[in-house]
Amino acid sequence: MTDKCRRAKVYFLNRDKQWEDLGSGNVSSTYVEQLQGVCLLVQSDSSDALILESKINANTPYQRQQETLIVWSEAESHGMALSFQDTKGCQEIWEDICRVQGKDPSVSITQDLIDDSDYEFDNLLESSDVFDLPKCELSKLEEISDFITSVLALPIHKERLALILENGNYIKNLLQLFHTCENLGDTAGLRYLHEIIKSILFLNRPSLFEIMFSDECIMDVVGCLEYDPALAQPKRHREFLTQNAKFKEVVPITGCELRQKIHQTYRVQYIHDILMPIPSVFEENLLSSLTTFIFLNKMEIVRMLQEDDNFLSEVFVQLRSETIDDDRQRELLLFFKEFCAFSQTLQPPNRDALLKTLTHLGILPVLKIVMGKNDLQIRSTASDIFAYLVEYSPSMIRDFIMEEAQQSIDGKLFINLVIEQMTSDTDPELAGAVHLMGLFRALLDPENMMSTPSKCEKSKFLNFFYKHCIHNFIAPLFATTSENICEGDNVVGFDKNNTNCPGALRFMRSMIGLQDELYNCYIINGNLFEPVVNALLENGSRYNMLNSAIIELFEYIRVENIKSLIIHIVEKFYKVLESIEYVQTFKGLKTKYDQEKDQQNQIRKNLHAILCSKIICSDISVSEKKEEMCIKQDSGEEEPVMPPLEDDFPDFYDKFIKPENPKENEGKEDLPKRTSSGSCKVPSSHSAGGADEMSSLNSSSTVALKDPDDEEKDEEDETPPKKKPHLSS
């Protein structure tokens, strides 16, 4: 069995019903030959010593509790417990135990309990006095700190402690002691309180957060966390939150509950980001409920603002006002940016509904106005808001962009303003430009474009973008490389002195690497390989980066067998490339070309044979039908005259059967003659009116048959009979 090491603490229930900590280490389940069975092994973190070696017996009841705790009894009143750092490790060891005992891992107890009084592990754990909380007194702060810190080791202990704290006034009494310690200048007591409050936060219980983050308690909690023992002097976080961090209402908030929720969320976020230490690997889940608490608060704030009929409307009225100054506009935009950041916590349906509301209120026309401002911070904030909107729904943004293009009179499109801001970024690190480039990548990504019978974004939006926006998008590129652009075909020249030559070659290599025949057609029609070949020839025998890149380009085409490009290269450039023999790439291209041509010729021959066989079969069928008609006419039955073969198969006749010069054979054809008995006589040999290669396949010919009455009528009218071509099949 594969060892599965997980970190856990080992506990032993002694005779006094007290749980003793035996140490922590890596847990594994493995077969031990001496014990003749699979055993639970715990190897110490600090040394190679074994803390625990316990055989998994088939009849021993094991119990899993609280997702991270496995408890069992080795003998009477001899309880053992493994407390894991994470649920995954506990689950894997539990599965190993169940596998050995032949049990389903979904159970919480592996064996039926014989005597409840002997195997009630919960009672054994809870019967100890580890949960006798010290009294909340100034002299017992050190004892309280040690007790709560030790309780964090076992999940079941954490649950019991949390129940005690949330059902009483213990936390409020601790915060009263905080004021006493501050008044007395008791630094040691304040540091104990820091550890106590931090440990209570690590209990990760939403019910405790409701107490600690209430208006009554939250600033005292911040005060306790200021006295970190690791710092020589306490930080003045309360002073910052009450004096420096001023809450500004850009639009008056009438709801007291909303204002309270905003204040609370800001302060709890501050505690999470600033005051709480970065959790270690084994503590990464200790603040998950705190993160959830902040998340739910943000959702509630967005919901309240969205339900306020006047708040968002007033914000947009002021943003659209022509008399608004830059400072006021900046404040409103910063608020709205924070509002959008909070909105990221919404579920997709609620987020879509919010975006529809914002679109109805005119968020995108407002952003178009502020994007044209000279103030850098205003433009940057507007870009951040636009980023949130694109992330919410690229499809809805694309719809607005195309609708605006239809309604715009001056031709100034919002998307072109965003492009202009991206290309004119003054930041040396181009942070803003890179950010906006990511937005364009999302907007132009075909994978997130809708394609339904009523809506096809791929064709519509991409056509719009390449028609109205691409010239602005690539203008800086053309401005940089304008001196190296060939006027004839708009291709960057592959001059050896051109510093942009490697870049142009990389671009062409990337385009060919897509293996898209549409791009290949552009390359062929534009004769884009000519500058590549010229650069290779001008480079001569020098072995450098340019030479390697060009050879790799042609080698890629050969290996991937891109047929259209191979045919184009060989037919147009092989004469000048044939002399290059230090690599086999070009001869390899010629070999591929010849193979393709041979294959095409073979296909043509096969098709020709198939067509000929079809014509022959059709010819035989027609001949048989004409013979049947002759018999019917001799017997007095009337039968409609068969049309000529060339009328049935005009294309095949013209292409494969029809003589090149029918006049040369006129008069030489053997016409069918009727015998005295009335039967139809068909000559066995024919003139050159048929194809030579087909004459040997069948000795019969087909002609149109005439009724005797028609012959008499023709003789009276002295009209010569119409000659029919003879088909040798």
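Just so you know, these numbers use all the heavy atoms, side chains as well, and skip hydrogens, waters and symmetry mates. We count residues from 1, following the sequence as given.
Relative ring orientation between Phe336 and Phe339 is described as tilted, the plane-to-plane angle lying within the 30° to 60° band.
Side chains of Glu210 and Glu166 form no contact here, defined as non-hydrogen atoms less than 4.5 Å apart. Pro206 places none of its side-chain heavy atoms less than 4.5 Å from the side chain of Thr292. Between Val302 and Asn350 there is no side-chain heavy-atom pair separated by less than 4.5 Å. You'll find the side chain of Arg205 reaches within 4.5 Å of the side chain of Leu163, heavy atoms only. In this structure, Ile70 and Phe84 have side chains that are in contact, with non-hydrogen atoms separated by less than 4.5 Å. Tyr270 places a side-chain heavy atom less than 4.5 Å from the side chain of Leu241. Contact of the Phe240 side chain with the Arg236 side chain is not registered, since no non-hydrogen atoms from C-beta on lie closer than 4.5 Å. Annotation: side chain of Thr242 is in contact with side chain of Met219 (closest heavy-atom distance under 4.5 Å).
Ring to ring, Phe311 and Phe335 are close: their centroids are under 6.0 angstrom apart.
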| message | For Ser395 and Asn448: C-alpha separation, side-chain torsions, deciding distance, then whether side chain to side chain donor-acceptor pair (under 3.5 Å) applies. | response | CA-CA 8 Å; Ser395 181; Asn448 65 31; over 6 Å; no
| said: Ile97 vs Arg64, test: side chain to side chain contact (heavy atoms under 4.5 Å, CB included). Steps then yes/no. | reply: CA-CA 11 Å; Ile97 294 172; Arg64 185 180 179 186; over 6 Å; no
| said: One pair to check against side chain to side chain contact (heavy atoms under 4.5 Å, CB included): His272 and Phe293. What are the steps and the verdict? | reply: CA-CA 11 Å; His272 179 273; Phe293 184 90; over 6 Å; no
| field | Test log, rule side chain to side chain contact (heavy atoms under 4.5 Å, CB included), inputs Leu364 and Ile397 | value | CA-CA 9 Å; Leu364 291 169; Ile397 302 302; 4.0 Å; yes
| side chain to side chain contact (heavy atoms under 4.5 Å, CB included) between Ile218 and Ile271, worked out | CA-CA 10 Å; Ile218 189 167; Ile271 291 172; 4.3 Å; yes
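Sparse packing is recorded around CG of Asn374, with 12 or fewer heavy atoms of other residues, nucleotides or ligands lying under 6.0 Å away.
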